[in-house]
Amino acid sequence: MAAPGASLRLVAPVWNRGTSGIRGLSRSVDPEGSQRKGRTLLQFLADHFYDVEAVREYLLQKQVLKVLRKNRSSTYIKERYGPYVAGAYFILKQGGAVKFQDKEWMRPNGRGLSGELWKLREVPIEAVDASGCAITYQGLDNLLALKELQSLSLQCCPHVDDWCLSRLYQLANSLRELSLAGCPRISERGLACLHHLQNLRRLDISHLPAVSNPGLTQILVEEMLPNCEVLGADWAQGLKLGPEEQSRDTASSPIPA
């Protein structure tokens, strides 16, 4: 067992010996094809890394750094091509899609970014689909400059949290549609920040696991944004029923054996 505070320095020679990250480790398990058949990468790690927590911490740090790199602002692109192209570049590199005003949706493809992108520096972006993208609090800087943005989907974004929602007031004048469905880090506190978005006409807050009382939360959001259609009605099923309706609904339910 390694001493407290031990780090990967204990096994640096093993880690650096002809390997390139975790993929290199799999090649070094049997470098000359002479080791027995049953040897696996997991066995190699067990043999050479004395502190499992150090390995876990190292891999976690690599993942965090990868997310941070994805959320850097493209200062050069913004200075040369303007905020619209920079915002589109950020979303497309993350695998999302953007819609410039009076243009078709633009999505990434296997050949890289479309050459059309660099010609649109004067064309506002009216919609962004960032579903599933690794956008963070810092990464939102690339979107908050899009002052004509009307529709924004952050559906199932793993890093979008309450702090992120606290920044969306900067899009209050333009934003009409917002989807937060399936975001695991959004709670009631973050949804309360949306009271600034009085121009919203459609809001999807379905399937938010961090929200403790979905039905009640939806009712409160509807009161907070009276002109907005709030989606997530499945959460509130039975919550808005009166006492008589609830009694009938209970009575009609089958009794478990």
Side-chain angles (χ1 to χ4, degrees), residues 53 56-74 87-88 90-98 108 125 127-146 149-172 174-225 228-237 239:
E53 285 299 319
R56 181 179 178 277
E57 183 67 21
Y58 174 82
L59 296 177
L60 179 61
Q61 288 178 4
K62 286 192 67 175
Q63 183 179 4
V64 170
L65 289 174
K66 182 178 179 181
V67 172
L68 289 176
R69 285 195 296 269
K70 283 187 174 182
N71 283 273
R72 288 175 180 170
S73 297
S74 302
F90 170 73
I91 292 298
L92 294 172
K93 290 289 286 185
Q94 291 237 19
V98 297
I125 293 177
V128 166
D129 182 0
S131 300
C133 293
I135 295 177
T136 64
Y137 181 90
Q138 290 78 14
L140 281 177
D141 289 338
N142 297 279
L143 300 181
L144 297 178
L146 308 179
L149 188 63
Q150 298 180 25
S151 176
L152 174 60
S153 175
L154 298 173
Q155 183 174 340
C156 297
C157 289
H159 305 293
V160 170
D161 57 14
D162 294 342
W163 292 103
C164 292
L165 299 193
S166 71
R167 305 190 67 190
L168 294 184
Y169 73 92
Q170 299 179 58
L171 299 174
S174 64
L175 204 58
R176 300 292 185 273
E177 297 183 1
L178 176 63
S179 176
L180 304 172
C183 291
R185 299 189 179 188
I186 290 178
S187 72
E188 298 91 336
R189 293 183 178 183
L191 295 177
C193 299
L194 302 181
H195 70 90
H196 295 286
L197 306 181
Q198 291 298 318
N199 287 324
L200 272 186
R201 294 297 176 263
R202 189 174 185 274
L203 173 64
D204 191 345
I205 56 171
S206 56
H207 309 298
L208 301 181
V211 173
S212 58
N213 194 326
L216 179 60
T217 298
Q218 180 180 339
I219 293 174
L220 295 176
V221 172
E222 289 174 341
E223 293 182 354
M224 183 176 70
L225 301 171
C228 180
E229 176 190 7
V230 181
L231 304 182
D234 55 319
W235 290 2
Q237 188 173 5
L239 188 61

Can C156 and S131 be said to form a side-chain contact (heavy atoms from CB on, under 4.5 Å), step by step? CA-CA 6 Å; C156 297; S131 300; 5.9 Å; no
Identify the heavy atoms of L144 and Q170 that sit nearest to each other, and give their distance. CD1-NE2, 3.4 Å
To the nearest 0.5 Å, tell me how far Q94 CD sits from N142 CG. 8.5 Å
Looking at every non-hydrogen atom in both residues, tell me the closest pair between L225 and Q198 and how far apart they are. CD2-NE2, 3.6 Å
Is the shortest heavy-atom distance from the side chain of I135 to the side chain of L143 under 4.5 Å? yes
Backbone N/O of G182 and side chain of Q155: donor-acceptor pair under 3.5 Å: no
If only atom types and distance count, is the side chain of S174 paired as donor or acceptor with the main-chain N or O of L149 below 3.5 Å? yes
Flag the pair L191 / L180 as yes when at least one side-chain heavy-atom distance between them is below 4.5 Å, and no otherwise. yes
Do you know the tightest heavy-atom contact between G87 and I125? C-CD1, 4.5 Å
With no hydrogens and no angle check, is any side-chain donor or acceptor of R202 less than 3.5 Å from a backbone partner on L200? no
If you measure from SG on C228 to CD on E222, what distance do you get to the nearest 0.5 Å? 9.0 Å
Output, in order, the C-alpha distance, side-chain angles, deciding distance and verdict of side-chain contact (heavy atoms from CB on, under 4.5 Å) for L194 and L178. CA-CA 10 Å; L194 302 181; L178 176 63; 4.2 Å; yes
Do side-chain atoms of D204 reach the backbone of A181 as a donor and acceptor pair under 3.5 angstrom? no
Taking all atoms of both residues into account, what is the closest heavy-atom pair of A130 and I91, and its distance? CB-CD1, 4.0 Å
Does D129 reach the side chain of S153, with side-chain heavy atoms less than 4.5 Å apart? yes
Please list, chain by chain and in numerical order, all residues satisfying salt bridge (Lys or Arg N to Asp or Glu O under 4.0 Å) with D141, sequence neighbours excluded. R167
What is the minimum heavy-atom distance between P158 and C133, and which atoms define it? CD-O, 3.5 Å
Crowded around R189 CZ? As in, over 12 foreign heavy atoms under 6.0 Å? no
The reported gap from CG in L216 to CD in E188 (rounded to nearest 0.5 angstrom) is 8.5 Å
To the closest 0.5 Å, what do you measure between CG (L175) and OG (S151)? 7.5 Å
What is the distance from atom CG of L154 to atom CG of L168, rounded to the nearest 0.5 Å? 7.0 Å
Can you check whether A172's main-chain N or O pairs, donor with acceptor, with N199's side chain at less than 3.5 Å? yes
Roughly how far apart are C164 SG and L140 CG, rounded to 0.5 Å? 5.0 Å
Between I186 and D161, is a side-chain contact (heavy atoms from CB on, under 4.5 Å) present by the stated rule, with each step listed? CA-CA 5 Å; I186 290 178; D161 57 14; 5.6 Å; no
Between A210 and R185, the two heavy atoms sitting closest are CB-C, 4.5 Å
